[in-house]
Amino acid sequence: MTASITLHDGTTIPQLGFGTFKVPPEDTAATVGEALSVGYRHIDTAQGYGNEAGVGQAIAESGIARDDIYVTSKLTNSMHRRDDALRSFDDTMDKLGLDELDLFLIHWPLPTLYDGDFVSTWKVMLEFVEQGRVRSAGVSNFQPDHLAQIIDATGVAPVVNQIEVHPFFRNEAARIASHEHGIAVEAWGPLARGEAVKDPVIREIAAETARQPSQVALRWHVQRGDIVFPKSMHRERMEENFAIFDFGLSEEQMERIDALDKGAAGRQGPDPDTFDRA
Ligand SMILES: NC(=O)c1ccc[n+]([C@@H]2O[C@H](COP(=O)([O-])OP(=O)(O)OC[C@H]3O[C@@H](n4cnc5c(N)ncnc54)[C@H](OP(=O)(O)O)[C@@H]3O)[C@@H](O)[C@H]2O)c1
């Protein structure tokens, strides 16, 4: 059993999902099929991952009712202009084989490209919702001032902000700004791309709780209220990462993990203020 979170538009999202960044296109149908058979019902993909078709194939082959699977994709960096966004969204839906997408995100704000105009891109996302093709619209890698700009311009806040968050980079400024607008936080790279399981403090807490280090790291996220979707190509890890709702961390254990934060030095991905790969 996984928990679910109610978003500000009234929809719900499973708090635990499965990530697909770096799942090779040719392996995606089998890998996502495996994740669905483990019990995952929330899949995070993106146009930029090149594997939406495999996700669609796995969903179709699973026999699981469409309404029981939550699917997210993301508008890629080269498609921010309205015409490109419309075309690429059609392509996403063809590849996924879906009539309606649960959640569509702007992948990166790209404040130094497109004349810094991510507001127009946000308006296109809202069009998809109005047309009933996307249930919820969100953003990814938006900094506090980026959130303020799109909300000031449209009066509509994204339902989620998908940002890098893990024990070595708590990203509190972006988390707090998101919460202030009623936006749920999705923590990408929740295992710090595998580094979290090697950390001595996390391993110590794993021994104290008779759990695996990955479960301790993921449990820390869900106790903070964030949505997570760890990626793994291995079934035993998929199972391990899925079993995080039958134990808890004490306040003291949570604080010891909080203390691993290295601030900006802990960031593993690009800085959204300067990232400009279109
Ligand atoms: N919006 C964005 O800009 C953005 C950026 C990055 C990621 N994301 C999303 O967030 C998802 C998760 O992030 P991520 O994939 O970068 O990193 P992650 O989930 O933190 O870590 C994945 C890495 O950890 C390893 N791993 C997984 N489970 C493990 C376990 N139980 N024990 C030991 N190692 C384990 C995996 O290896 P194996 O596969 O070999 O098991 C893989 O190398 C992505 O898949 C994607 O959907 C979004």
Side-chain angles (χ1 to χ4, degrees), residues 13-25 27-28 30-32 34-35 38 40 42-52 54-55 58 70-77 102-110 138-143 146 158 160-171 174 178 183-199 202-203 206 211-222 226-244 260 266-278:
I13 181 170
Q15 192 178 9
L16 174 65
F18 185 73
T20 64
F21 181 43
K22 293 201 173 148
V23 177
D27 297 330
T28 303
T31 302
V32 173
E34 195 85 49
V38 166
Y40 290 87
H42 165 184
I43 310 295
D44 184 87
T45 182
Q47 293 176 344
Y49 302 168
N51 58 18
E52 290 170 310
V55 172
Y70 193 98
V71 186
T72 301
S73 192
K74 315 184 191 87
L75 180 74
T76 208
N77 294 348
D102 296 284
L103 178 62
F104 198 42
L105 312 179
I106 301 177
H107 205 147
W108 289 89
L110 308 173
V139 296
S140 179
N141 299 302
F142 271 46
Q143 300 281 51
H146 305 146
V160 304
N161 188 15
Q162 183 177 127
I163 52 178
E164 179 178 352
V165 181
H166 46 72
F168 312 125
F169 180 56
R170 280 166 42 196
N171 206 348
S178 300
I183 301 167
V185 171
E186 296 192 327
W188 69 249
L191 297 172
R193 299 188 174 160
E195 290 304 308
V197 306
K198 301 176 192 158
D199 182 81
I202 291 176
R203 295 185 77 84
R211 288 289 173 153
Q212 295 301 320
S214 62
Q215 295 174 318
V216 168
L218 294 170
R219 181 71 207 174
W220 172 80
H221 286 283
V222 299
D226 290 354
I227 297 159
V228 284
F229 22 82
K231 168 262 179 187
S232 178
M233 300 291 290
H234 302 94
R235 187 178 175 102
E236 70 279 8
R237 288 178 173 178
M238 292 178 193
E239 287 174 346
E240 189 174 294
N241 297 345
F242 194 67
I244 57 169
L260 300 175
R267 206 190 259 290
Q268 294 184 332
D271 181 337
D273 283 319
T274 51
F275 186 57
D276 62 357
R277 202 178 61 218

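No experiment lies behind these values; they were computed from the predicted model shown. Counting starts at 1 for both ligands and their atoms, following the listed order.
- The aromatic rings of Tyr49 and Phe21 sit tilted, their planes meeting at an angle between 30° and 60°.
- Applying the side-chain hydrogen bond (donor to acceptor under 3.5 Å, both in side chains) rule to Glu186 yields the partners Gln162; only residues at least two apart in sequence or on another chain are considered.
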Before giving the answer on salt bridge (Lys or Arg N to Asp or Glu O under 4.0 Å), spell out for Arg237 and Glu240 the whole-Å C-alpha distance, their side-chain angles and the decisive distance to 0.1 Å. CA-CA 5 Å; Arg237 288 178 173 178; Glu240 189 174 294; over 6 Å; no
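- Residues passing the side-chain hydrogen bond (donor to acceptor under 3.5 Å, both in side chains) test with Arg211 are Asp246, sequence neighbours excluded.
- Scanning for side-chain hydrogen bond (donor to acceptor under 3.5 Å, both in side chains) contacts around Asp102 gives Arg66, Arg135, with sequence neighbours left out.
- Between the side chains of Glu164 and Asn171, not a single donor N or O lies within less than 3.5 Å of an accepting N or O.
- For ligand 1, the protein residues placed under 4.0 Å by at least one non-hydrogen atom are Gly19, Thr20, Phe21, Asp44, Tyr49, Lys74, His107, Trp108, Ser140, Asn141, Gln162, Trp188, Gly189, Pro190, Leu191, Ala192, Arg193, Gly194, Val197, Ser214, Phe229, Pro230, Lys231, Ser232, Met233, His234, Arg237, Glu240, Asn241.
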